[in-house]
Each structure stands twice: as structure tokens, then as C-alpha cells.
Amino acid sequence: MLELHRKGKQLVLEMRSGSCLLLHLGMSGSIRVCVGEMEPESHVHALWQLQRDAVTMSLRHRDPRRFGWLESHASMASVHASAWSALGPDALEISSEQLAASLRESRRPLKSLLLDQGRIAGLGNIYVDEILFRAGLHPECASHRVPPGVVSRLARITREVLARAVELGGSTIRDHRTVEGAWGSFQDEHRVYGRVGLPCRVCGTPLSTRQVSQRTTVFCRRCQSRTPQEGRP
DNA sequence: GGCAGCCTGGTT
DNA sequence: AACCAGGCTGCC
């Protein structure tokens, strides 16, 4: 295997031959690479033995809840032309212009738009809630009503939250592990996710919950205003 | 645009 | 035994 590529939640392993394995880990999936044999484990759906010179390496895809998938592509060009053409810009690098373009014409709730992989690729339920809290925005605020200055701040916070989460190895709630098998620790910095009823870390108000876009949503009704003001710090 | 359904394991 | 979480697809 030569190279790794990623867009949003999708990962590509590009082989030396140029052929590609495109995969999505779903919510409980993981891939592990190790030298030599691997200890047996449950829920392994695919296993490769890779030969490099005299060394054998094992690559394994484990996915207890089977929400993940993988498909084979002849080349990166094929990946770009199919699966990746349906994805919006990557959330780690989203610009305020790109975000503004998505928000401008939609009356949908902000949270629903941020979860839409075709608009912005890479955000799931945890990170959307964490981003909206840090941006001081209500999850049900109509997307087109977010003023330009606030959109630019939202884009910056999106990039910052994800970069920090990556730095900490992600959020280990239950299944998630880093590629080395370690726990992530971004959950220690969660402000709202998993904290329903607990006091807001900023103002002490008990955190609220509600279904938004068929997703459990946690937010602070005091810190996250429904009508964002331009120029908020 | 909403919503059921897919699936498993942990919780109630 | 019933319910829930989560990402995404496919059907209204």
C-alpha cells in the first residue's frame, strides 16, 4: 500500500498498483494494521495480508454494527468521479466563502445543513453539537439567517474544533479507537454532547436536548441564541 | 424535506 | 424484553 487519502468521512487506501480501496467506517468501524499475525477478534469483515519485501503485514476491517462499507476502485480518478463528487468541501478546510455559499440559500435548520455531507463533508452528530455551542448558535436557527460575519466565525470554529479533535485522537464514547488502538480524548473537551441536564460550562444553565433533523441534539438555551448577532466576539 | 430501516451491544 | 445511539440510503 502506498498512499492514504481522505475526504470527509471517507478513506482511500491507494495501492502501489494504483488500485484503490474506498471505505467508510460508519460509527463503530475501525481498521488496524500490524506486522505479522493478528490476534483473533469478532466482527472482522475483511482481512488482507500484505507482502512488502520479506515482511508480511495484516490489514483488518472490523465493524461491529455494520454501518460501514467499502468498495474497490481502479484508480483515484474513479473515486473522485463517483463517491467524492457527491461530497461538499472537507470540514477541516472549509472556507467562510464555501460555508456562506451553502448557508445563504437554505432555510433548513443550521444543524441539518452542517450534517449534510453534500454541503460540508466530515461532520457528524457529536462535532456539529460541539461546533454550534462554541459558535453560540442555536441548532434550529435558519441557515440563511446567519449573518456573514457569524458565518465566517462558524467556519473558523469548525476548522478549529476538528483540528483539535484530530490532535486528541477523536472522541472515544464507546467504540472509537485511534489507528494505534488507543483511546481518543476529545470527549474530555466536550461542552454539550452527552451532557444533557448537566450545567453549561459557561453559564451554568442545565443543558437542553431535543431532536433536530432526527438526531439527538444537546445545547445551551442561554448561550446558543436563535437569532445570531453580527459582530459577536 | 421527513422518516423508516439497517445493525449491534449496552442500558433500562 | 424494549429501547437507544449512530451515518446513510431509499422511499414518500
Side-chain angles (χ1 to χ4, degrees), chain A residues 5-12 21-32 40-47 60-73 79 82-92 94 101-133 138-146 158 161-162 165-166 169-178 181 183-184 186-188 190-198 207-219:
Chain A
H5 311 273
R6 179 195 63 82
K7 186 169 185 184
K9 304 174 183 177
Q10 299 180 22
L11 188 64
V12 171
L21 204 56
L22 171 64
L23 63 106
H24 190 305
L25 296 175
M27 54 174 287
S28 62
S30 61
I31 51 170
R32 296 281 299 281
E41 244 187 336
S42 55
H43 307 296
V44 172
H45 299 292
L47 182 60
R60 180 170 66 186
H61 176 218
R62 177 172 187 269
D63 186 12
R65 296 188 201 178
R66 298 197 209 174
F67 269 41
W69 49 262
L70 61 83
E71 56 189 45
S72 171
H73 284 261
V79 171
S82 55
W84 286 10
S85 68
L87 297 177
D90 191 276
L92 251 176
I94 189 89
S102 279
L103 298 196
R104 198 156 42 220
E105 287 155 15
S106 176
R107 309 178 84 83
R108 290 160 66 187
L110 193 45
K111 173 161 183 171
S112 148
L113 198 129
L114 293 176
L115 282 172
D116 185 341
Q117 303 299 301
R119 304 292 190 142
I120 303 164
L123 300 179
N125 200 38
I126 294 175
Y127 294 103
V128 166
D129 279 9
E130 293 299 317
I131 288 163
L132 289 173
F133 175 80
H138 195 288
E140 288 176 311
C141 167
S143 299
H144 73 287
R145 301 178 83 165
V146 183
T158 298
V161 165
L162 288 192
V166 168
S171 305
T172 298
I173 305 300
R174 180 168 299 163
D175 302 297
H176 172 70
R177 297 291 183 279
T178 68
W183 286 32
F186 188 72
Q187 68 279 6
D188 299 339
H190 286 178
R191 295 286 177 269
V192 286
Y193 183 87
R195 302 193 68 246
V196 195
L198 295 173
L207 295 174
S208 310
T209 185
R210 152 181 334 181
Q211 291 290 118
V212 179
S213 172
Q214 290 78 243
R215 284 286 168 267
T216 299
T217 300
V218 185
F219 65 103

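Proteins come first, then strands; the chains are lettered A, B, ... in the order of their sequence lines, and each starts at number 1.
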Exercise. Ring pair (Phe, Tyr, Trp, His ring centres under 6.0 Å) with A:F219: which residues, sequence neighbours excluded?
Worked result: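 Once residues adjacent in sequence are excluded, the partners of A:F219 under the ring pair (Phe, Tyr, Trp, His ring centres under 6.0 Å) criterion are A:H138.
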For this session: Tell me, please, which residues at least two apart from A:H73 pass ring pair (Phe, Tyr, Trp, His ring centres under 6.0 Å).
Result: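 Per chain and number, A:H73 pairs via ring pair (Phe, Tyr, Trp, His ring centres under 6.0 Å) with no residue.
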Problem set entry | Electrostatic pair A:E41-A:R32, nearest N-O below 4.0 angstrom |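 Looking at A:R32 together with A:E41, the answer is no, because their closest N to O distance does not fall below 4.0 Å.
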Problem set entry | A:D129/A:K111 ion pair, N-O < 4.0 Å |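 Answer for the salt bridge query: yes.
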Nearest whole angstrom, please: distance from the [atom2] of [N] to the [atom1] of [X].
X      : N     : atom1 : atom2 : result
A:D129 : C:dA5 : CG    : P     : 12 Å
A:L115 : C:dT9 : CG    : C1'   : 15 Å
A:H176 : C:dA5 : NE2   : C1'   : 17 Å

For this session: Could you please name the option among C:dG7, C:dC8, C:dA5 that lies closest to any side-chain atom of A:Q117?
Result: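 So the nucleotide nearest the side chain must be C:dC8.
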Problem set entry | CD (A:Q211) with more than 12 external heavy atoms under 6.0 Å |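 Yes, CD of A:Q211 has more than 12 neighbouring heavy atoms, counting only those of other groups under 6.0 Å.
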Exercise. So do A:H144 and A:R108 actually touch side chain to side chain, heavy atoms under 4.5 Å?
Worked result: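 Not in contact.
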For this session: Applying side-chain hydrogen bond (donor to acceptor under 3.5 Å, both in side chains), name anything that partners A:S171, two or more places apart in sequence or on another chain.
Result: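 Partners of A:S171 under the side-chain hydrogen bond (donor to acceptor under 3.5 Å, both in side chains) test: A:Y127, A:H190.
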Problem set entry | Pairing residues for A:Q187 by the side-chain hydrogen bond (donor to acceptor under 3.5 Å, both in side chains) criterion, not counting sequence neighbours |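 Applying side-chain hydrogen bond (donor to acceptor under 3.5 Å, both in side chains) to A:Q187 gives none.
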For this session: Using a heavy-atom cut-off of under 4.0 Å over every strand shown, decide if A:T216 touches base, sugar-phosphate, or nothing.
Result: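 Result for A:T216 = sugar-phosphate.
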For this session: Give me the bend of the helix from B:dG1-C:dC12 to B:dT12-C:dA1, using the axes of the five pairs at each end, rounded to 10°.
Result: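 The angle separating the two end axes equals 50°.
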Exercise. Once each nucleotide of nucleotides 4-12 of chain B is scored for protein heavy atoms under 4.0 Å, what B/S/- sequence comes out, 5' to 3'?
Worked result: --BBBSS--
